[in-house]
Chemist: 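Have a look at this one.
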Amino acid sequence: MADFEYFYGQEADLFSFIRVPKLLFTDDRFKDLTSDAKILYGLLLDRMSLSVEHEWFDKYGRVYIVFTIAEIVKTLGCANTKACNTLKQLSDVGLIEKNNKGQGKAQLIYVKKILSNEVKCKKLNASAQNENSGNENSENKNSQNRSSEIPESRTQEFQKTECINTENNNTDFINTEKENLISSNLIKIYPPKRKVSPRQETIRNDEKRKGDIDFIDKCIITVHDNIDINTLCERYPYDFNLINQIADLMVDVLMEKSEYYTIGGARKPSEVVKKQFYNLRYEHIAYVIDSLKRNTTDIRNVRQYLIAALYNAPLTIEAHYGSQVQHDMARGLF
């Protein structure tokens, strides 16, 4: 048996790629899009697979994603203004549709297919015309063969009829199967539909008919109400993005299917952490924000640090403010 090497650390991402559709560079409809906008569309398509895995569907069965401006800034390495303008380009051209849930709530994004029904119909008609013209040419050739014998030294006109007319062939959409007129590479860009059992399909259809609110919407509403996000934004007007990131992180933790979380080097069961996050309130988030402002050490894993800080907030907030009072009293400030 051959001795193959293991993957270590970030080496696991060596064969993970972001796929950007070729049509974004060849179709005249997208000629005004910047390179960053085209790359962002590929990133949004990549996020679609995660939404399908978590079954983030609206009541009509459409897939949506959550991709914040802060994530765009971090991924593309650009400023906040440029991230907003890049996302707006995709919205203006019709490749995405944004659904704002209100102030302080996560924005839902619907990523649309790059091929519209109109374009598909044109491809179908063009293919049918090419197929019909090919059949007519073959019938004409057969009739000419039956009516007269053709010498071995063929004429120039006859030789031209046997040549391949590359001008009438769309080389971007060549496929050996008649039913599939779109390149398989384009199909692979979009996440495949998951196979579900008939019973699961029935349950999903029943849920759509009832019009129940999606779990993610319930989670976002619960988190924002618990922490009173509007009051937090009024108290910390210059930390609006930080407050929204903390809220998004709480939603992410509550929706994740992890078995455990590492808090202070110890593994905590997922249900224990989620229960603690459900109990977080306005004063706990304010306590975490104040602690972050006082922190002067380098934080390598910000996500893990924030999860630990939020988990420990209800456990340490009383002791912290109590020790501050005792300290100030000892100095004679009271």
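Below, each value reflects all heavy atoms present in this structure, side chains not excepted, and no hydrogens, waters or symmetry copies. Because the structure is a prediction, the values reported are computed rather than measured.
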Chemist: With a 4.5 Å limit on heavy-atom distance, are the side chains of Leu33 and Phe25 in contact?
Modeler: no
Chemist: So does Ser291 get a backbone contact from the side chain of Asn295, meaning a donor-acceptor N/O pair under 3.5 Å?
Modeler: no
Chemist: Test your reading of the model: is there a side-chain donor-acceptor pair from Asn279 to the backbone of Lys275, 3.5 Å cut-off?
Modeler: yes
Chemist: Is Arg303 paired with Asp252 through a side-chain N to carboxylate O contact shorter than 4.0 Å?
Modeler: yes
Chemist: In Å, rounded to the nearest 0.5 Å, how long is the span from CH2 of Trp56 to CG of Leu108?
Modeler: 9.0 Å
Chemist: So does Thr34 get a backbone contact from the side chain of Gln89, meaning a donor-acceptor N/O pair under 3.5 Å?
Modeler: yes
Chemist: Taking the side chain as C-beta and beyond, is there a heavy-atom pair between Ile109 and Leu87 under 4.5 Å?
Modeler: yes
Chemist: If you compare all heavy atoms of Ile229 against all heavy atoms of Asn244, which two are closest, and at what distance to 0.1 Å?
Modeler: CD1-OD1, 4.2 Å
Chemist: I want to check something: taking the side chain as every heavy atom from C-beta on, are Gln107 and Asn99 in contact at a cut-off of under 4.5 Å?
Modeler: no
Chemist: When rounded to the nearest 0.5 angstrom, what is the spacing between OG1 in Thr231 and CD1 in Ile285?
Modeler: 12.5 Å
Chemist: Can you say whether the rings of Tyr287 and His320 are parallel (under 30°), tilted (30 to 60°) or perpendicular (over 60°)?
Modeler: tilted
Chemist: Would a hydrophobic clustering, with Ile, Leu, Val, Met, Phe, Trp and Tyr connected at side-chain separations under 4.5 Å, put Tyr41 with Ile18?
Modeler: yes
Chemist: Which atoms form the tightest heavy-atom contact between Val253 and Lys274, and what is the distance?
Modeler: O-CE, 3.3 Å
Chemist: Same cluster or not: Ile39 versus Leu50, using hydrophobic residues (I, L, V, M, F, W, Y) connected whenever any side-chain heavy atoms lie under 4.5 Å apart?
Modeler: no
Chemist: Regarding Arg235 and Tyr282, do their side chains bring together a donor and an acceptor under 3.5 Å, going by distance alone?
Modeler: yes
Chemist: Quick check against the 3.5 Å criterion: does Lys112 have a side-chain atom that pairs as donor or acceptor with the backbone of Ile96?
Modeler: no
Chemist: On a heavy-atom basis, which atom in Asp28 and which in Lys31 lie closest, and how many Å separate them?
Modeler: O-CG, 3.2 Å
Chemist: Report yes or no: do Glu256 and Tyr261 form a side-chain donor-acceptor pair below 3.5 Å?
Modeler: yes
Chemist: What pair of heavy atoms forms the shortest contact from Tyr64 to Asp58, and how long is it?
Modeler: CE2-N, 3.7 Å
Chemist: Within the side chain of Asn301, is there an N or O that forms a donor-acceptor pair under 3.5 Å with the backbone of Gln304?
Modeler: yes
Chemist: Taking the side chain as C-beta and beyond, is there a heavy-atom pair between Tyr260 and Val272 under 4.5 Å?
Modeler: no
Chemist: Using side-chain heavy atoms (C-beta onward) and a distance below 4.5 Å, is Tyr110 in contact with Val63?
Modeler: no
Chemist: Hey, what do you get for OH (Tyr278) to CD (Glu271), rounding to the nearest 0.5 Å?
Modeler: 9.5 Å
Chemist: Any side-chain heavy atom of Ile72 within less than 4.5 Å of one from Thr86?
Modeler: no
Chemist: Flag the pair Lys293 and Asp239 as a salt bridge only when some basic side-chain nitrogen lies within less than 4.0 angstrom of an acidic carboxylate oxygen.
Modeler: yes
Chemist: Do Arg62 and Phe57 have side chains that get closer than 4.5 Å, going by heavy atoms?
Modeler: no
Chemist: Please round to the nearest 0.5 Å and tell me the distance separating atom OH of Tyr238 and atom CD1 of Ile243.
Modeler: 13.0 Å
Chemist: What is the minimum heavy-atom distance between Val73 and Asn80, and which atoms define it?
Modeler: CG2-CA, 3.8 Å
Chemist: Is there a side chain to side chain contact (heavy atoms under 4.5 Å, CB included) between Cys219 and Met255 once you walk through the steps?
Modeler: CA-CA 8 Å; Cys219 194; Met255 294 185 61; 4.1 Å; yes
Chemist: Please determine whether a side-chain nitrogen of the Lys or Arg among Asp36 and Lys82 lies less than 4.0 Å from a carboxylate oxygen of the Asp or Glu.
Modeler: yes
Chemist: Rounded to the nearest 0.5 Å, how far apart are CD of Gln276 and NE2 of His284?
Modeler: 8.0 Å
Chemist: Below 4.5 Å, heavy atoms only, C-beta onward: do Leu95 and Leu24 meet side chain to side chain?
Modeler: yes
Chemist: Supply the atom-to-atom distance Ile246 CD1 to Leu232 CG, rounded to the nearest 0.5 angstrom.
Modeler: 8.5 Å
Chemist: Starting from the C-alpha separation in whole Å, work towards a yes-or-no answer on side chain to side chain contact (heavy atoms under 4.5 Å, CB included) for Asp27 and Phe30.
Modeler: CA-CA 6 Å; Asp27 198 308; Phe30 312 120; 3.7 Å; yes
Chemist: Got a salt bridge between Arg47 and Glu71, using NZ or NE/NH1/NH2 to carboxylate O under 4.0 Å?
Modeler: yes
Chemist: Output yes when a side-chain donor or acceptor of Asp46 lies under 3.5 Å from a complementary backbone atom of Gly42, and no otherwise.
Modeler: no
Chemist: For Leu242 and Leu292: C-alpha separation, side-chain torsions, deciding distance, then whether side chain to side chain contact (heavy atoms under 4.5 Å, CB included) applies.
Modeler: CA-CA 10 Å; Leu242 175 60; Leu292 285 173; 4.3 Å; yes
Chemist: Do the charged groups of Lys88 and Asp92 touch, with an N to O distance under 4.0 Å?
Modeler: yes
Chemist: Please evaluate residues Tyr236 and Asp290 with respect to the criterion side chain to side chain contact (heavy atoms under 4.5 Å, CB included), reporting the C-alpha separation (whole Å), side-chain torsions for both, the decisive distance (0.1 Å), and the verdict.
Modeler: CA-CA 10 Å; Tyr236 303 97; Asp290 292 337; 3.0 Å; yes
Chemist: So which heavy atom on Ala247 is nearest to which on Ile227, and how close?
Modeler: CB-CD1, 4.2 Å
